[in-house]
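Down below is the structure, laid out as structure tokens.
Both counts, for ligands and for their atoms, begin at 1 and track the order of listing.
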Amino acid sequence: QIAKNGKKMPPAAIAFYKQTDYSLEDLVSKDPAVDILEEFSKKISEFKPSLIAVSSMTTNYYQSLEMIQKIRPKCKVIFGGVHPTLMPESVINEDVIDYVCVGEADEALVELCEYLDKNKDTSNIRNLYLKVKKGRKVIIIKNKLRPFVNLDTLPPPDLSIFDHRYFFRPFLGKIYKGIYMSTARGCPRGCAYCVNNRLRNIYKECGRRYIRFQSPKIIARNITYIKKKYGINWYKFSDDTFLLRPLADLLKLKKLLKPLHIMFGCSVDPVTVTEEKVKAAKEMGCVSMSMGIETGNEKIRKYVLGRNISNNQIFEAVRIMRKYNIKISTFNMIGLPGETKENIFETIKLNKKLNIPDANVYVMYPFPGTKIYEDFHISRKKFKNIPAMEEAYLFNLSNVKNEELLYFLRTFNLYLVLPEKYWQKIEKARKSPKLYTVLIQIAQEIINKNLD
Ligand code: SF4
């Protein structure tokens, strides 16, 4: 199949096209394969910005930095996001970076733009680390953080800068126009593999409450605006724990969102799942919930990962979500410190018992700033050499060989779909691509049958 512009259609787009109201050109109007560095460099020379702002997590920090180092733009460069917030000193020491934003940039970035525009001195802007020349010396100024922003004062997101194809998302075999949207900030937990604890410490000087919710009125205002202006009808609330809100707040939100007829997915913590809250979420348009199980072994979950959640609490949460016909997905990690092959099978078995057909599984990545990163004394040098999420197994934190970890990553969902009588064959298929293909076909048949 060829689109009108002569470009070939990717197979996935052809499959979805048949089930959507959008035109072929809507979905694939030009070849999306571009050289990012070339495209970025072209944009910069055409647009001639005064400031480049890069938001980065650890997994894309080194790649973003490398791009800036290769292009060496003539304008100012600011880095913000989780990684620069956790490691501001090392980031500001890069010679291509002029500013680092520590913490939330909602107000600091606007202030920086205004100051640069008016040629004003930027050295006292709160939340910013910056370099200043004093004679021959370069000194680093570390400004204090400002109080947290009130989420209700933020405008709705401006989506006009995005290519409209960015919004298309598949869900249960159909394509919807969807976006990620944040309605709260902060999380009460302190998981050992998460930067949340460290962020809470950094934000201590911000004074006000670390956990904040946008009011139901503002959420409804934003969704009404986005739906009308961009035709977005699918939302993924990217809040750490959507059901953390008090029930009264969720009931208000339900009243306001129900008439908008939207669909949304969200992440939940098993201990926040109650009948009343899930019922309210369902009635306001919730169709899917994802939940972190991380491991099937309760002791590893509690003592290594710092998540004091029992398997019984997970079962109860799943029971309630199923009662309200919510699609459930789980997040799982392998390659955990001290983990054995048997422990990985405990995680597979727990997902299987919960009847989860498609689990998300990752090899644990010891992000800087997390307890696990500190506990295992991971050096920055080692970190710089292993930046990609997919290469996290190279940290060698578990007792499982790397090749086995990678095979578990590939076959985790195969174990969930195929009955236990096939499990030995999955193990054998590691050395037999032919057998592996056969098992995939059997799994596919089971999935198709379930869809029917
Ligand atoms: S529940 Fe999620 S966001 Fe909260 S600390 Fe744990 S991993 Fe981080």
- Item | Residue of the set I334, V363, V361 for which side-chain contact (heavy atoms from CB on, under 4.5 Å) holds with F408 | I334
- Query: Do any N/O/S atoms of C187 come under 2.8 Å of atom 8 (Fe) of ligand 1?
  - Reply: no
- Check each atom of ligand 1 against the heavy atoms of R307 and keep those under 4.0 Å away; list them by number with element. 1 (S), 6 (Fe)
- Message: I want to check a possible cation-pi pair here: R185 against F148, using under 6.0 Å from ring centre and within 45° of the ring axis as the test.
- Response: no
- Query: Which part of C191 is near ligand 1, with near meaning a heavy atom under 4.0 Å away: side chain, backbone, both or neither?
  - Reply: both
- Is the F237 ring parallel, tilted or perpendicular to the F264 ring (thresholds 30°, 60°)? tilted
- side-chain contact (heavy atoms from CB on, under 4.5 Å) partner of L350, chosen from N311, T295, I356, N332: N311
- Item | Shortest protein heavy-atom distance from atom 8 (Fe) of ligand 1, along with the residue and atom involved | C194 SG, 2.3 Å
- Should you measure from each heavy atom of N196, which atoms of ligand 1 turn up under 4.0 Å away? 5 (S)
- Message: Which of the numbered atoms in ligand 1 are under 4.0 angstrom from any heavy atom belonging to D240?
- Response: 3 (S)
- If we ignore angles and hydrogens, is there a donor and acceptor under 3.5 Å between the side chains of D158 and S160? yes
